[in-house]
Amino acid sequence: MGKISEALQKAAKERIDRLDKVIKIQEQKRVVARKMKESKVDARLIPYFDNKSIVSEQYKSLVTNLLSLNKGKPPHVMTITSSIASEGKSVTALNLAITLSHAIHKPRVLLIDADMRKGKIVKYLGVEEHKGLSEHLNGQAQLDEIIFQIDIEHLSFISCGQVASNPADILASARMSDLLRELRPQFEYILIDTPPVIPVTDAVVIGAQTDGVILVIKAGETQRGIVGRAGELLNQAHAKIIGHVLTGIEYFVPDYIYRYL
Ligand SMILES: Nc1ncnc2c1ncn2[C@@H]1O[C@H](COP(=O)(O)OP(=O)(O)OP(=O)(O)O)[C@@H](O)[C@H]1O
Ligand SMILES: [Mg+2]
């Protein structure tokens with residue numbers, strides 16, 4: 001056997017061993033988000049409860065747009081942020097992660113809550129508080145202690161952990177880049193939820209380390225100039241905006257469209 005094919009086989013075996021290890025870790029650490037009635041999963045995670053609703057269809061078209069980016073080679077690691085607080089970043093990140101994990105080719109998806117100031121994804125999922133990103137970046141937890149499998153197939157999750165005193169610094173640390181380097185080969189898509197761009201620098205720091213940024217904009221509320229400023233801050237750091245998501249839009253859907261769902 002040639003040296004090249006030996007090397008390829010070795011690399012493939014190493015990758016399988018690595019994946020096995022991660023799967024074992026996830027099975028041990030399984031966090032159960034129980035179904036509807038006794039579940040604490042927030043009702044805002046509509047694709048979790050009703051994959052066929054009109055709202056879920058909107059997230060599906062968002063995923064379709066995302067997957068068609070760059071001639072069907074979409075970014076691998078994406079940051080979700082917004083200009084200011086409460087524009088719908090976390091709900092968008094979660095619904096996007098759920099919808100992406102339902103995609104036809106069943107990609108393995110990881111959602112990271114990198115809002116170490118007031119991350120709420122644990123709350124939206126209705127799961128227990130546990131060690132997360134801040135403990136890992138502060139050297140208090142290994143990767144296998146912070147990565148969880150929720151009860152949505154193919155979707156894993158890393159929570160923000162405890163509120164950190166120096167989030168921007170630890171997000172800029174070598175430990176963060178090492179973490180992303182380790183996770184990249186293990187998931188098809190990694191979505192990172194962050195704090196807003198204008199008040200704090202965390203999203204800019206993360207955005208520059210990922211392949212693209214999705215900027216969430218609360219329609220009818222966030223002013224154009226503020227969105228423009230957020231874009232400038234991201235551009236200055238060479239973080240690439242790959243798209244915008246408008247939240248808070250209400251529109252009339254006629255009866256005949258409902259009948260098709
Ligand atoms: N697409 C949407 N349409 C209408 N409301 C939405 C949408 N997405 C999220 N929201 C609502 O916006 C509010 C804030 O949501 P979320 O926690 O996702 O915001 P955030 O930008 O992550 O906030 P923070 O800056 O505090 O992290 C919630 O009440 C949520 O239900
Ligand atoms: Mg949030």
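Every value quoted in this text rests on a predicted model; they were computed, and no experiment measured them. Side chains are part of it too, since the values below use all heavy atoms of this structure and drop only hydrogens, waters and symmetry mates. Start at 1 and go down the list; that is how both ligands and their atoms are numbered.
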How far is atom 19 (O) of ligand 1 from its nearest protein heavy atom, and which residue and atom name does that atom have?
-> Gly88 N, 3.1 Å
Of all heavy-atom pairs between Ala168 and Thr201, which one has the smallest distance, and what is that distance?
-> CB-CG2, 3.5 Å
Approximate separation, where rounding is to 0.5 Å, of Ser173 OG and Asn166 CG | 9.0 Å
Please name the residue in the list Thr194, Asp193, Thr92 that meets the side-chain hydrogen bond (donor to acceptor under 3.5 Å, both in side chains) test with Thr81.
-> Thr194
Under 4.0 Å from one or more heavy atoms of Ala85, ligand 1 contributes atoms 25 (O)
In the protein, which heavy atom is nearest to atom 26 (O) of ligand 1, and how far is it?
-> Lys120 NZ, 3.3 Å
In terms of heavy-atom contacts, does CD of Glu153 have more than 12 from other residues, nucleotides or ligands at under 6.0 Å?
-> no
More than 12 non-hydrogen atoms from neighbouring residues, nucleotides or ligands closer than 6.0 Å to CD on Gln223, yes or no?
-> no
Is the backbone N or O of Lys131 less than 3.5 Å from a side-chain atom of Gln162, with the two atoms forming a donor-acceptor pair by type?
-> no
Does Asp193, backbone or side chain, put an N or O under 3.5 Å from an N or O of ligand 1?
-> no
Counting backbone and side chain alike, does Ser90 bring an N/O/S atom below 2.8 Å of the Mg ion (ligand 2)?
-> yes
Atom 25 (O) of ligand 1 - nearest protein heavy atom and its distance | Lys89 NZ, 2.7 Å
How far is atom 29 (O) of ligand 1 from its nearest protein heavy atom, and which residue and atom is that?
-> Arg44 NH1, 2.9 Å
Decide if atom NZ of Lys240 counts as having more than 12 heavy atoms of other residues, nucleotides or ligands within a radius under 6.0 Å.
-> no
Shortest reach to atom 18 (O) of ligand 1 by a heavy atom, considering only Val91, Thr194, Ile46 = Val91
Heteroatom proximity flag, Gly248 to ligand 1, N/O under 3.5 Å | yes
Kindly state if atom 2 (C) of ligand 1 has a protein heavy atom within a strict 4.0 Å cut-off, that is, under 4.0 Å?
-> yes
Can you sort out which atoms of ligand 1 are near Glu87, meaning under 4.0 Å from one of its heavy atoms?
-> 21 (O)
What distance do Ser159 atom OG and Glu135 atom CD have between them, rounded to the nearest 0.5 Å?
-> 7.0 Å
Specify the protein heavy atom at minimum distance from atom 16 (P) of ligand 1: its residue, its atom name, and the distance to 0.1 Å.
-> Tyr124 OH, 3.5 Å
N/O to N/O below 3.5 Å, does that happen between Thr247 and ligand 1?
-> no
Look at the side chain of Glu87 and the backbone N and O of Lys218, then say whether any donor-acceptor pair between them is shorter than 3.5 Å.
-> yes
Asp115 vs Lys89, salt bridge (charged side-chain N to carboxylate O under 4.0 Å, His left out): CA-CA, chis, key distance, verdict | CA-CA 10 Å; Asp115 184 347; Lys89 297 176 285 300; over 6 Å; no
Name the closest protein heavy atom to atom 13 (C) of ligand 1, giving the residue it belongs to and the distance to 0.1 Å.
-> Ser86 O, 4.7 Å
Enumerate the atoms of ligand 1 whose separation from the nearest heavy atom of Lys118 is less than 4.0 angstrom.
-> 26 (O)
Location of contacts on Asp115 toward ligand 1, heavy atoms closer than 4.0 Å | side chain
